Amino acid sequence: MSAPLRPRPAAPHGPAVLGASATPFTSRLLTVGVVGAGRVGAVLGAALAAAGHRVVAVSGSSGASRARLALLLPEVPRRPVAAVAHAAADLLLIAVPDDKLAGVVTGLAEQGALRPGQIVAHTSGAHGLAVLEPAVAAGARPLALHPAMTFTGTPDDLARLDGISYGVTAPAELRPLAARLVTDLGGVPEWVAESDRPLYHAALAHGANHLVTLVNEATDRLRDAGVSRPEKVLAPLLRAALENALRLGDDALTGPVSRGDAGTVQRHLARLAATAPESVPAYLALARRTADRAIAAGRLRPVDAQSLLGVLADSGREVAA
């Protein structure tokens, strides 16, 4: 298990500077509360504490949350959500699921749990600053701070934070503070416009979440083919494919679609339909998109793609029927 991050040097903690005209807290440690002890909240809370900030309260009542806190923030008291907000003199970090975020922010504002000058940040990739409008109306200052990383909710995650990107949306006056927080977390800020947050998040979900699904689909189909340890077969292939794709883009593409091997693809689809019909729609969608990109990149000549595209179109009609 990886060791927690070592505290980074920072200026001594001083009294909170409140008020809408206050300068950002860029030169001292912050008093922080964390709402939500899920995988992200618990890990970022631990990382902020390792950087020297004072994490004084955290919310989380499920068994899984309590277990995470015992590992990552054992000295930090668990409190109700409103109590966490009251205790977070400088920074309130809200790490809850996307669809619950608006309700949590609205509830805190209606309860009078937020104060002028307090920074209210959330970790959602899908949302920007608009979801924090109730907090702004209460005098708080908004910040969207999304780590571009997948989390397990264990101390191992702390080592993975080093060098990752954070999708940050912030008012101009809070950008220095946002940059400082990301640096304290060991990351690099990627400034995302409010209107681009859904596209930013869609790209990450498409790449990371769908990758997990794709890998598990491949694993299942290898088992169907009699391979006893599919992870052993896939690991070097997928690592090389990922590294090549990140380095070379569409030039990394190999395989039957990039060659226009219509017969091979047709046999794939026939066997998938007989063995795992639930996999056919995803295979078709990805094969069509792969063909489009291969043609656009000059990897597949349109004349060589005709038979392949015909197979994909015919199979698509059969699935729809």
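If you read the sequence from its start, that first residue is 1, and numbering goes on from there. Worth saying up front: this structure is predicted, and the values here are computed from it rather than measured.
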*Verify salt bridge (Lys or Arg N to Asp or Glu O under 4.0 Å) between Asp304 and Arg259, making sure each step is shown before the conclusion.*
CA-CA 8 Å; Asp304 296 329; Arg259 296 189 297 265; over 6 Å; no

Main chain of [Y], side chain of [X]: is a donor-acceptor contact present, judged purely on distance under 3.5 Å?
{"X": "Arg141", "Y": "Val136", "value": "no"}
{"X": "Arg267", "Y": "Ala262", "value": "no"}
{"X": "Asp90", "Y": "Leu30", "value": "no"}
{"X": "Asn244", "Y": "Ala240", "value": "yes"}
{"X": "Arg223", "Y": "Pro230", "value": "no"}
{"X": "Gln118", "Y": "Ala89", "value": "no"}
{"X": "His146", "Y": "Gly167", "value": "no"}
{"X": "Glu217", "Y": "Ser279", "value": "no"}
{"X": "His122", "Y": "Val105", "value": "no"}
{"X": "Arg78", "Y": "Gly60", "value": "yes"}

Check this for me, if you would: do [X] and [Y] make a salt bridge, where the nitrogen-to-carboxylate-oxygen distance has to be below 4.0 angstrom?
{"X": "Arg39", "Y": "Asp157", "answer": "no"}
{"X": "Glu231", "Y": "Arg229", "answer": "yes"}
{"X": "Arg288", "Y": "Asp292", "answer": "no"}

Testing the basics here: between [X] and [Y], what is the closest heavy-atom pair and its distance to 0.1 Å?
{"X": "Pro147", "Y": "Val40", "value": "CG-CG1, 4.2 Å"}
{"X": "His53", "Y": "Arg180", "value": "CE1-NH2, 3.3 Å"}
{"X": "Leu308", "Y": "Ala291", "value": "CD2-CB, 4.2 Å"}
{"X": "Ala276", "Y": "Asp224", "value": "CB-OD2, 4.4 Å"}
{"X": "Val55", "Y": "Gly45", "value": "CG2-O, 3.5 Å"}
{"X": "Val120", "Y": "Ala140", "value": "CG2-CB, 3.6 Å"}

Rounded at 0.5 Å granularity, tell me how far [atom1] in [X] sits from [atom2] in [Y].
{"X": "Leu211", "Y": "Asn216", "atom1": "CG", "atom2": "CG", "result": "9.5 Å"}
{"X": "Glu243", "Y": "Leu248", "atom1": "CD", "atom2": "CG", "result": "11.0 Å"}
{"X": "Lys100", "Y": "Ile94", "atom1": "NZ", "atom2": "CD1", "result": "14.0 Å"}
{"X": "Leu286", "Y": "His210", "atom1": "CG", "atom2": "NE2", "result": "10.0 Å"}
{"X": "Arg66", "Y": "Leu71", "atom1": "CZ", "atom2": "CG", "result": "13.5 Å"}

*Which of these, Val34, Leu92, Val56, sits in a side-chain contact (heavy atoms from CB on, under 4.5 Å) with Val84?*
Leu92

*Between Leu145, Thr123, Leu181, which is the residue that forms a side-chain contact (heavy atoms from CB on, under 4.5 Å) with Leu44?*
Thr123

Is [Y] reachable from [X] through a run of hydrophobic residues whose side-chain heavy atoms are each under 4.5 Å from the next?
{"X": "Tyr200", "Y": "Leu132", "answer": "no"}
{"X": "Leu108", "Y": "Leu101", "answer": "yes"}
{"X": "Val58", "Y": "Val32", "answer": "yes"}
{"X": "Leu222", "Y": "Leu238", "answer": "yes"}
{"X": "Leu72", "Y": "Val96", "answer": "no"}

_Take a 6.0 Å sphere around CZ of Arg160 and say whether it holds more than 12 heavy atoms from other residues, nucleotides or ligands._
yes

*With a cut-off of 6.0 Å (strictly less than), are more than 12 heavy atoms of other residues, nucleotides or ligands near CD of Glu278?*
yes

Residues [X] and [Y]: side-chain donor-acceptor under 3.5 angstrom:
{"X": "Ser258", "Y": "Arg299", "value": "no"}
{"X": "Glu190", "Y": "Ser165", "value": "no"}
{"X": "Ser124", "Y": "Asp98", "value": "yes"}

*Test side-chain contact (heavy atoms from CB on, under 4.5 Å) applied to Val104 and Val35, step by step*: CA-CA 9 Å; Val104 170; Val35 171; 4.2 Å; yes

Got [X] and [Y] here, is their nearest side-chain heavy-atom distance under 4.5 Å?
{"X": "Asp261", "Y": "Val265", "answer": "no"}
{"X": "Pro142", "Y": "Pro171", "answer": "yes"}
{"X": "Val192", "Y": "Leu199", "answer": "no"}
{"X": "Leu185", "Y": "Val182", "answer": "no"}
{"X": "Tyr166", "Y": "Val188", "answer": "no"}

*asked:* Could you walk me through whether Leu284 and Leu269 satisfy the side-chain contact (heavy atoms from CB on, under 4.5 Å) test, starting with their C-alpha distance in whole Å, then the side-chain angles of each, then the deciding distance to 0.1 Å, before giving a yes or no?
replied: CA-CA 8 Å; Leu284 278 170; Leu269 289 164; 3.9 Å; yes

*asked:* For a side chain to side chain donor-acceptor pair (under 3.5 Å) check, start with the C-alpha distance between Arg197 and Thr169, then their side-chain angles and the critical distance, and finish with the verdict.
replied: CA-CA 8 Å; Arg197 294 292 290 198; Thr169 305; 2.9 Å; yes

_Check for me whether the distance between the ring centres of His127 and His201 falls short of 6.0 Å._
no

_Test side-chain contact (heavy atoms from CB on, under 4.5 Å) applied to Leu93 and Leu48, step by step_ = CA-CA 11 Å; Leu93 186 67; Leu48 287 170; 4.3 Å; yes

*Trace of the side-chain contact (heavy atoms from CB on, under 4.5 Å) decision for Phe151 with Asp156*: CA-CA 9 Å; Phe151 289 80; Asp156 288 340; over 6 Å; no

